[in-house]
Every structure is written in structure tokens, then in C-alpha cells.
Number of protein chains: 2
Amino acid sequence: MSSTVTRSRIVEVADRLFYQHGYLHTSFADIAAAVGLSRGNFYYHFKSKDAILDAVLESRVDATRRTLRDWETSNDSPADRIMRFVEIVVTNGADIRRHGCPVGTLTTELAKLDHALHDRARELFTLFRTWLRDQFVLLGHAGQADELAMHVLTFSQGVAVLSNAFRDEAYVSREVDRMRDWLSTYTR
Amino acid sequence: MSSTVTRSRIVEVADRLFYQHGYLHTSFADIAAAVGLSRGNFYYHFKSKDAILDAVLESRVDATRRTLRDWETSNDSPADRIMRFVEIVVTNGADIRRHGCPVGTLTTELAKLDHALHDRARELFTLFRTWLRDQFVLLGHAGQADELAMHVLTFSQGVAVLSNAFRDEAYVSREVDRMRDWLSTYTR
DNA sequence: GTCTATAGTAGGATAGAC
DNA sequence: GTCTATCCTACTATAGAC
């Protein structure tokens, strides 16, 4: 198989396993087995575990940029776009209940490990933060746009942690409703 | 040294290391070195790493119960008590920026590991949840007390994750102010 | 580009002397 | 109750054949 195809399959599988079981708890053998490669062959594609993490982060950054661009080019109003973000906790509800937020849990784990790539993981948060800020600017709240963006992120991370802890779907819906009400006070 | 003293020192040190570096990333050797014990002697006190985690969780549950009881017996109003909880993210701000919320990060990690003690870790959340619910009942909101308690927990977990990711003290203060305003609408 | 074989290390856990 | 010595396993990583 071509090198690039195998490489992208490794990244895809590693991304999923890092999310489901954590970075530290995912071994080379786990990834190799899931891809269907021998451990030895692995190092032809990636020379270290950190190199895989780096590639996974790059892949996630690209995917996030694409998603945000899609939302941007839709005909939704800024408020609707923000709600699209808010509703991720419902859209991806099952995954989040089981494994938490992909961005939040990875960033938290890398912070504990004092990992050099913590900064790159945080970049994912920054992408959403900047995008949300832009929406609040469009809503006419330029002065406090960043603060409001951070408040929306706070919501999403809080809900992710607690829905993961309690596995309670109804709780998530209630918090989303609460967020919708809150957002409506900033919409005209 | 007496067995019980050594044991409690192990629990104390393990608690701190699990918080700072995560459960998986903390080895027996790390704990032994920090306590000043040989690895071998370790197994006289705890027969497995899970046994230490279990003892750490028990210790945290006890400490949490004590804290909540203290807050309960103070002369604060229910609203002031809730604000005491809210302000933990400021009171313990430095630790949370560096290592996140002790309860949230441990629960998240144990969920990823599919660890049997995940339920015991969640119990810590439940202690706060129940206590907060009681305060909202006292405020005259029995009908939605649990929902409001979960909303306060959502706040604290969201702030913990993002303050850990961005290390931004001012952001935390703004979110606490926002929470104070929100709470005032439930106070008479 | 993929494999097997293997080196080297760290971590969890045990045995037995003191 | 504490130590040293040791076993076993899992993991990261490399070497070299095909």
C-alpha cells in the first residue's frame, strides 16, 4: 500500500484510540493491531509516539478548520451558527458521554503530562474561540465578543465533563436549553 | 514508623501526584520516592496500585464531607454557601490552572481507562451535587434544585478545563462574576 | 513498504533477609 | 516495618531480512 494511505490510516486510527482510551493508555501495539500492521513496520511511518500525536493534532486542526468554514458558508445567522456549536454536545452526545470532549480531554491529559504538544492541543480550543468571537462580533457585541466566546466554551466543556461522569442525556438537553435562552438575550 | 502513619503519608503523597500528573502517569517508584520508602516496602501497605487509588478516593470523600459540613455549619446564607463553592475556582486558582479540577480530571481519566473505580470518583461529584441541591431547596427552588445544582457544577468544570488550557486568571474572575449575577436571580 | 526478531527500559508485583 | 534483589510483563524503539 502507498505510504501516504497507510500513514493517514494510522493517524485516523490513532486519533480514535487516543480519544477513546487516552494518549498514555494507547500503545503502539494497540494502534498497529487496529490498523493491521506489524509493530516493526510502524516506525517506517512514524519514528515516535509523539510524532503520531503531532500528526493527529494536525489532522484535527485541519478537520476543525473545515467544519468551521462549512458553518461559515452556510446561510445560518450568527446566532444559529453559535447554536450549532452549542448543540455539538447533543449531536455527538453518545461519544461525549462515553469519552468526553475530544479537545478538552486531550488538552487536560497533555497538561498533566507536561507534554510539549499541550500548546498545539490548545490551538484547537483557540480555533473555536476565535470563530465564536467572530459570530458575536457579527451580532454586534464586538466589545465583549471574546468573553462571550469563552462563556460558550465554558458551557461546552462543563457539559462534556459532567455528561461523561453521569452519563445523563436529559441533563445535556436542559443545559442546551439554558444556553439557548442565554444566547437569545444577545440576539436582536 | 507505625503502619497507620506511613499508610496515611502514602495516601497523601499519592493523592497529590495523581492530581498533578495523572493516575496512569504516576508510578509506584514516583510515590515511593516522594514518601521516602523503598519500592519493596510499598507492598506491605498496599498490595496494588488500584488499592492506593481506592484509599485516595476514600480520603477525598472524607475530606469533601468535612468541607461541606463546615460550610453547612457556618452562618452563611444558602446563596453565600453556593458562592463559596463557585469561588473555589478562584481560591484554588493556581492549582486548577496548572492541574485542572481534582475531581473532574480524575473522573475523566478513569472513564477513559474504563476503570472499575470510576463510580467511586463520580461519588465525589455526587457529594457536591447533593449539597448544592440542598442549598437551592433552602432558597425555595425545590422543584428545580437538582437541575440548578448541576448547572453550578457545569460552570465549575467548564472553568476548570479552560483555565487549565489557557492559564488565564482574568477569565476565571469574569466567569465567577457571571455566576454571581446568575445566582442573584434565584435569591430573594 | 512490510515483515520477524530483538534490544532496552520502565513498571507492577513478589520473596526473603534484616 | 523496612530493605535489597529479583521476576515478569508491557512498552518504545531498532536492525535487518524479504
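Just so it is clear, the structure is predicted and the values come from calculations on it, not from any experiment. In what follows, every chain begins at residue 1, and chains take the letters A, B, ... in the order their sequences are listed.
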Hey, is the side chain of [X] poking within less than 4.0 Å of OP1 or OP2 on [N], counting only N and O atoms?
X: B:H25; N: C:dG11; result: no
X: A:T6; N: C:dT2; result: yes
X: A:Y44; N: C:dG1; result: yes

So, is the end of the B:R129 side chain (NZ or CZ) under 6.0 Å from the ring centre of A:F166 and within 45° of the ring's axis?
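Checked: cation-pi criterion met.
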Compute both the distance and the angle, then confirm whether A:K49 meets the cation-pi test with A:Y23: under 6.0 Å from the six-membered ring centre, within 45 degrees of the axis.
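Pair A:K49/A:Y23 counts as cation-pi.
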Write down the distance between [atom1] ([X]) and [atom2] ([N]), rounded to a whole number of angstrom.
X: A:D50; N: D:dC11; atom1: CG; atom2: P; result: 17 Å
X: A:Y23; N: D:dC11; atom1: OH; atom2: C1'; result: 12 Å
X: B:D30; N: C:dG11; atom1: CG; atom2: C1'; result: 10 Å
X: B:K49; N: D:dT9; atom1: NZ; atom2: P; result: 19 Å
X: A:F42; N: D:dA10; atom1: CZ; atom2: P; result: 19 Å
X: A:H45; N: D:dA13; atom1: NE2; atom2: P; result: 16 Å
X: A:R9; N: C:dT2; atom1: CZ; atom2: C1'; result: 13 Å
X: B:Y43; N: C:dG11; atom1: OH; atom2: P; result: 11 Å

Ring centers of A:F46, A:F28 separated by less than 6.0 Å
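A:F46 vs A:F28: aromatic centres not under 6.0 Å.
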Is the shortest side-chain N to carboxylate O distance from [X] to [Y] below 4.0 Å?
X: B:R178; Y: A:E147; result: yes
X: B:R174; Y: B:D177; result: no
X: A:R180; Y: A:E87; result: yes

Kindly check if the number of other-residue, nucleotide or ligand heavy atoms within 6.0 Å of CZ (B:R84) is above 12?
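Counting other residues, nucleotides and ligands, CZ of B:R84 exceeds 12 neighbours.
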Name the pairs: protein N/O against N/O of nucleotides 4-8 of chain D, kept only if under 3.5 Å.
none

